[in-house]
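One structure below.
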Number of protein chains: 2
Amino acid sequence: MDVTIYEVAKRAGVSIATVSRALRGTGPVAARTRERVLKAVEELNFTPSRLGVSLAEGRHAANGIVFPDLAGPYYTEVLLGYEEVASELGRSVVILSTKGRTKVNDLIKDLAGRVDGLLIFGHTVPEPLVAELVRLGVRLVFISREPLPGADTLRSENTASARALAEHLTGHGYERFAFLGAPLASQDDVDERWRGVRAALGGAIEAVPTRHYTVDCGFDAAKELLGHRTRPEAIICSDDEVALGALLAAEELGLDVPGDVAVTGWDDIMAARHARPALTTVRQPMRELGARAARALDELITGARATPRHLILSTELVVRSSCGYHPRAESP
Amino acid sequence: MDVTIYEVAKRAGVSIATVSRALRGTGPVAARTRERVLKAVEELNFTPSRLGVSLAEGRHAANGIVFPDLAGPYYTEVLLGYEEVASELGRSVVILSTKGRTKVNDLIKDLAGRVDGLLIFGHTVPEPLVAELVRLGVRLVFISREPLPGADTLRSENTASARALAEHLTGHGYERFAFLGAPLASQDDVDERWRGVRAALGGAIEAVPTRHYTVDCGFDAAKELLGHRTRPEAIICSDDEVALGALLAAEELGLDVPGDVAVTGWDDIMAARHARPALTTVRQPMRELGARAARALDELITGARATPRHLILSTELVVRSSCGYHPRAESP
DNA sequence: TTGTATGCGTTATCAA
DNA sequence: TTGATAACGCATACAA
């Protein structure tokens, strides 16, 4: 844009203060004056400079979001819910992917300087920097991370879901399990899932790590795993994408799912419903995580709430056909 | 952040001008002075205010992106390429989804005030507003839209790919076709695809519109279509998601693909490879579209290039198994 | 009801 | 080599 409040003021024959008041309704303005101002605004096609407003107001009216990668539906879904609510609250969303970036710290600091608050996934941001951000008073909300002081955290329930899933599978009569996508480093969500199923299944489950949580990695690891003479009866995957890979591997090996081997996922991404066979999984409310994060951030920023809050959203076991035969299979 | 350049200056015993110069290397600073400044910066943990910098520099160092929706892999992939290159060029990315939004114009104007340039998908933005943005000198790049004056446009080739696809299908011996996801309003890409296959296939193809370009809509429309007594031998879909829906519909109706009916998609999203049967489709370089858009915008913003450019990226026919039996079927 | 003047945090010009 | 100081575009306390 180009035209400033001064030109509007001059054209309307008033001061810039009056223009500002007329536009924001932040003080008394005579009806006739307001009209003149509005007319000038219209004629000049004036839009207040975001920079000027932000500088004067001392806020950006923008939220940031930091994720490792946007490939795959999980982060996208969360982002969707986040952006929707943020926009509703009058805030823009500035994104930052850390995948393959060097100098992540600088990028995040820059981002922090552009927004009023940050949504951060898991352990995307190095711990020392998190501490620094907290110290600087940056409003923070984390998704899928253990609680920490000075920031909100938002998670999905994992342990109980893991038990429910394990029990459903033992109900099918399975006795030998594998957990595909086992955590190498501690990735909070996956870690909880793994510990949950292991607690329920005891020694009957074997951990099989993947390099990443992607279809391809799931495919590779499952192919290796299923090639063994003594393959597991059921593969519990860390997430739906890994599970999708496992499904493909089974098919390539000529194995029937769930006849020869059962497979389950986690998250309930859209493709889970469309997979053949349809994937049994644990539904995680991804969009709601994003939406809640936006609201939580808003509370923190506006000061509606001062003390951090740590929320755990509940999940739901979604039984489809990849985990075994059911009397009445749920339709996709 | 909180500490300003004034505090640094005071601590270092110099003026703010010197601090600025020392930090940006934009003028002569004695070595000893620089050291004192840097030390003060370090001790106070000073980071220049983005707002101050932007106001003084007259630029945001940020790009915007406007898309209808982020659900589905297409926009996500483009966004990924866009953000990556933008970040490489030192620019943040501010996103805006128009899906389900009222007052889209205001949102877009606000966004335009936050960034140095905008990437816009197809006809997401109302034409009058586009004209206004052009008039205001906002740098614009469009993806998937016919060329217009005053902005860059970036597209994938559609017509020739359509012909190649049509010829491949007639090579299978099919004679009755349907185009699923036919354009209701003019949606540029889909429109070109439809016109392309119609030109190649003539009267042998029937247009079947869907409400949206989603799996669900594809499913519904395909179920209806395949329920008829005289169903087509091959369904050419507007895009992969619609095609995925068609695959599901066929399965639900007990129809074999490609035995009873052939199905093809467009885009080559990740799920296309993993579909059963694997989807024959036209690959579109989605990430590269995003990456190129970011570079084009940068050229426009820095002034490296003044005149708009209209680019068409080439596509590739990807033959898998959903379109018919091949002597040596390509592995997924 | 309106106007003046100041602050917001930089960069950059021009003197010194 | 350094320092005052004027932009940059707005909001707002305070005065009139």
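Lettering of chains follows the sequences in order, A, B, ..., and the numbering in each one begins at 1.
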* NZ of Lys10(A) versus P of dG9(D): gap in Å, rounded? -> 14 Å

* Salt bridge Arg295(B)-Glu88(B), side-chain N to carboxylate O under 4.0 Å -> yes

* Asked: Quick one: Ile5(B) CD1 to dA6(D) C1', roughly how many Å, whole number?
  -> 15 Å

* Which atom names give the shortest non-hydrogen contact between Ser144(B) and Asp189(B), and what distance separates them? -> OG-OD2, 2.6 Å

* **Check: His60(A) side chain, Gly113(A) main-chain N or O, donor-acceptor pair, under 3.5 Å** => yes

* To do: For the pair Arg287(A) and Glu84(A), find out whether any cationic side-chain nitrogen is under 4.0 Å from an anionic carboxylate oxygen.
  => no

* Between Asp188(A) and Arg155(A), does at least one N-O distance fall below 4.0 Å, as a salt bridge requires? -> no

* **Donor on one side chain, acceptor on other, Arg50(A) and Ser54(A), under 3.5 Å** => yes

* Do Glu132(A) and Lys109(A) sit within salt-bridge range, that is, some charged N less than 4.0 Å from a carboxylate O? -> yes

* Side-chain donor or acceptor of Tyr82(B) paired with backbone N/O of Leu289(B) under 3.5 Å -> no

* N/O donor-acceptor pair under 3.5 Å between Glu7(B) side chain and Thr4(B) backbone -> yes

* Structure fact -> From NE2 of His60(A) across to C1' of dC10(D) the rounded distance in Å is 15 Å

* Asked: Using the C1' atoms of five pairs at each end, what's the angle between the two axes of the helix from dT1(C)-dA16(D) to dA16(C)-dT1(D), to 10 degrees?
  -> 50°

* Asked: Rounded to the Å, how far apart are Leu44(A) CG and dG9(D) C1'?
  -> 15 Å

* Asked: Checking Gln284(A) side chain against Ser156(A) main chain: does a donor-acceptor pair fall under 3.5 Å?
  -> no

* Structure fact -> Rounded to whole Å, the CZ-C1' distance (Arg21(A) to dA11(D)) equals 10 Å

* Short side-chain N/O contact to dG9(D) OP1/OP2 from Thr4(A), under 4.0 Å -> no

* Within this structure, what is the CD1-to-P distance between Ile16(B) and dC8(D), rounded to whole angstrom? -> 16 Å

* **Asp298(B) backbone acceptor or donor facing Thr302(B) side chain under 3.5 Å** => yes

* Near-strand residues of residues 23-38 of chain A, defined as heavy-atom separation under 4.0 angstrom from DNA chain D -> Arg24(A), Thr26(A)

* Structure fact -> The answer to which of Ala17(B) and Arg50(B) contacts DNA chain C further toward the 5' end, by nearest nucleotide, is Arg50(B)

* To do: Extract, from 5' to 3' on DNA chain C, the first and final nucleotides lying under 4.0 angstrom from some heavy atom of chain A.
  => dT1(C) to dC8(C)

* Does a nitrogen or oxygen in the side chain of Ser49(A) sit under 4.0 Å from OP1 or OP2 of dC10(D)? -> no

